[in-house]
Amino acid sequence: FTNECLSLDINGIENASVNKLLKKRDIARNLEALNAIGAIEFKEAQDLDNALKLLPVLFEQHIKIWAGKREQSMFLKNENREFFIKLFSELFQKGMIKLWALKLNEKTIATEVGFDYNKKYLTYYHTYELEHAKSGPGTIIISHIIRKCLQNGFKEVDFSRGNEVYKHRFANKFTSN
């Protein structure tokens, strides 16, 4: 039993190549659609207090997304939320985990939690408000994170296991585990 793992190797890649990848027409169109609604802002949680304020939004969005799949989110259980908050807090204080938010008119419409290890970013969870699903907020936040990783000298963005469509649009490296 193996899992396909997709990643974007940005070590030594030219900015122009990544920019071409990130300027796909649908991403630009989705950004324009959100801009037509209001002000867009990307935020990386800089301190634990701000990060902990965003986690309930992530939990709520995750629960709604999974309900739409007719499955239960792990975050329906209080003990799972508590465990995640404890683990997240410990890793955040060590600089090993990041939490990002995409805001529209100051409302968080997408989140992304990922691991920062040895100049490699590993995506873990991203969530979004279902009412904005057609505007691709998950893809928009991932494209922003890729830009930030490139600016900060990261070597790779690992999309982790799974074969979701959005991973294929960005990946240039395919492995299995």
Side-chain angles (χ1 to χ4, degrees), residues 3-47 50-51 54-55 57-58 61-62 65 88 91-92 94-130 132-177:
N3 289 304
E4 186 174 21
C5 299
L6 295 105
S7 63
L8 174 61
D9 183 350
I10 55 178
N11 192 32
I13 198 168
E14 295 179 23
N15 284 353
S17 297
V18 174
N19 283 334
K20 182 178 178 186
L21 176 74
L22 297 175
K23 288 188 178 183
K24 290 188 175 185
R25 189 174 304 145
D26 61 328
I27 296 172
R29 188 174 42 248
N30 289 340
L31 272 170
E32 286 174 19
L34 290 177
N35 272 318
I37 297 169
I40 295 175
E41 183 179 19
F42 294 96
K43 287 278 197 183
E44 178 185 355
Q46 298 294 320
D47 59 65
N50 285 328
L54 274 173
L55 286 180
V57 176
L58 179 145
Q61 290 174 351
H62 192 274
I65 289 168
F88 179 90
L91 293 174
F92 190 89
K94 293 178 181 179
M96 296 177 69
I97 198 166
K98 294 184 178 293
L99 177 57
W100 302 83
L102 169 60
K103 295 185 173 252
L104 177 62
N105 293 331
E106 299 183 21
K107 179 184 178 191
T108 301
I109 65 165
T111 65
E112 160 63 25
V113 173
F115 298 99
D116 176 352
Y117 182 73
N118 199 25
K119 289 298 187 183
K120 182 176 181 178
Y121 184 81
L122 173 68
T123 64
Y124 185 59
Y125 276 132
H126 73 262
T127 65
Y128 52 89
E129 288 292 335
L130 292 175
H132 296 290
K134 289 184 179 180
S135 297
T139 302
I140 291 171
I141 199 167
I142 292 292
S143 65
H144 176 76
I145 291 166
I146 291 169
R147 278 190 187 88
K148 287 294 183 181
C149 287
L150 186 63
Q151 290 169 1
N152 293 311
F154 278 63
K155 297 183 259 184
E156 184 175 351
V157 178
D158 186 332
F159 301 110
S160 67
R161 67 184 179 93
N163 201 19
E164 291 88 349
V165 172
Y166 80 90
K167 295 177 181 183
H168 287 274
R169 77 176 328 133
F170 296 117
N172 65 4
K173 183 177 171 185
F174 304 88
T175 58
S176 60
N177 66 8

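Since the structure is predicted, the reported quantities are computational estimates derived from the model, not experimental observations.
The nearest pair of heavy atoms linking Phe92 to Ala51 is CE1-CB, 4.1 Å. Across every non-hydrogen atom of Phe115 and Leu91, the tightest pair is CE2-CD1, 3.6 Å. Taking every heavy atom of both residues into account, Ser7 and Phe159 meet most closely at CA-CD1, 3.7 Å. In this structure, Asn30 and Ser135 approach most closely via the heavy-atom pair CB-O, 2.9 Å. When all heavy atoms are compared, the tightest approach of Thr108 to Gln61 is O-NE2, 3.2 Å. Residues Leu104 and His132 share a closest heavy-atom pair of CD2-CE1, 3.6 Å.
Remark: side-chain polar atoms of Glu156 are not paired, donor with acceptor, to backbone N or O of Lys173 under 3.5 angstrom. Between the side chain of Asp116 and the backbone N or O of Ile97 there is no donor-acceptor pair closer than 3.5 Å. At least one donor-acceptor pair under 3.5 Å links the side chain of Lys119 to the backbone N or O of Asn152. A distance-only check finds no donor-acceptor pair linking the side chain of Lys167 to the backbone of Cys5 [under 3.5 Å]. A distance-only check finds a donor-acceptor pair linking the side chain of Asn172 to the backbone of Asp9 [under 3.5 Å]. Remark: side-chain polar atoms of Tyr121 are paired, donor with acceptor, to backbone N or O of Gly114 under 3.5 angstrom.
A heavy-atom distance below 4.5 Å is not found between the side chains of Leu102 and Glu112.
Between Thr123 atom OG1 and Leu8 atom CG the span is 11.0 Å, to the nearest 0.5 Å. Within the model, atoms NE2 of His126 and CG of Leu58 stand 11.0 Å from one another, a figure rounded to the nearest 0.5 Å. With rounding to the nearest 0.5 Å, the separation of CG in Leu150 from NZ in Lys155 is 14.5 Å. Note: Asp26 CG to Leu31 CG = 10.0 Å, rounded to the nearest 0.5 Å.
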Pairs of donor and acceptor atoms involving the side chains of residues 137-146, under 3.5 Å and at least two apart or interchain, shall be tabulated with distances.
residue: Ser143; atom: OG; partner: Thr139; partner atom: O; Å: 3.4
residue: Ser143; atom: OG; partner: Ile140; partner atom: O; Å: 2.8

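Listed by chain and number, the residues in a salt bridge (charged side-chain N to carboxylate O under 4.0 Å, His left out) with Lys43 are Glu41 (sequence neighbours excluded). With sequence neighbours left out, Phe170 forms a ring-ring contact (aromatic ring centres under 6.0 Å, His included) with no residue at all.
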side-chain contact (heavy atoms from CB on, under 4.5 Å), that's the test. Do Tyr124 and Lys98 meet it? Break it down for me. CA-CA 10 Å; Tyr124 185 59; Lys98 294 184 178 293; over 6 Å; no
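Partner of Ile40 under the side-chain contact (heavy atoms from CB on, under 4.5 Å) criterion, out of Asn105, Asn35, Ile109: Asn35 alone.
Surrounding NZ of Lys103 are more than 12 heavy atoms belonging to other residues, nucleotides or ligands, all under 6.0 Å away. Shown here is Tyr117, whose OH atom has no more than 12 heavy atoms of other residues, nucleotides or ligands within 6.0 Å.
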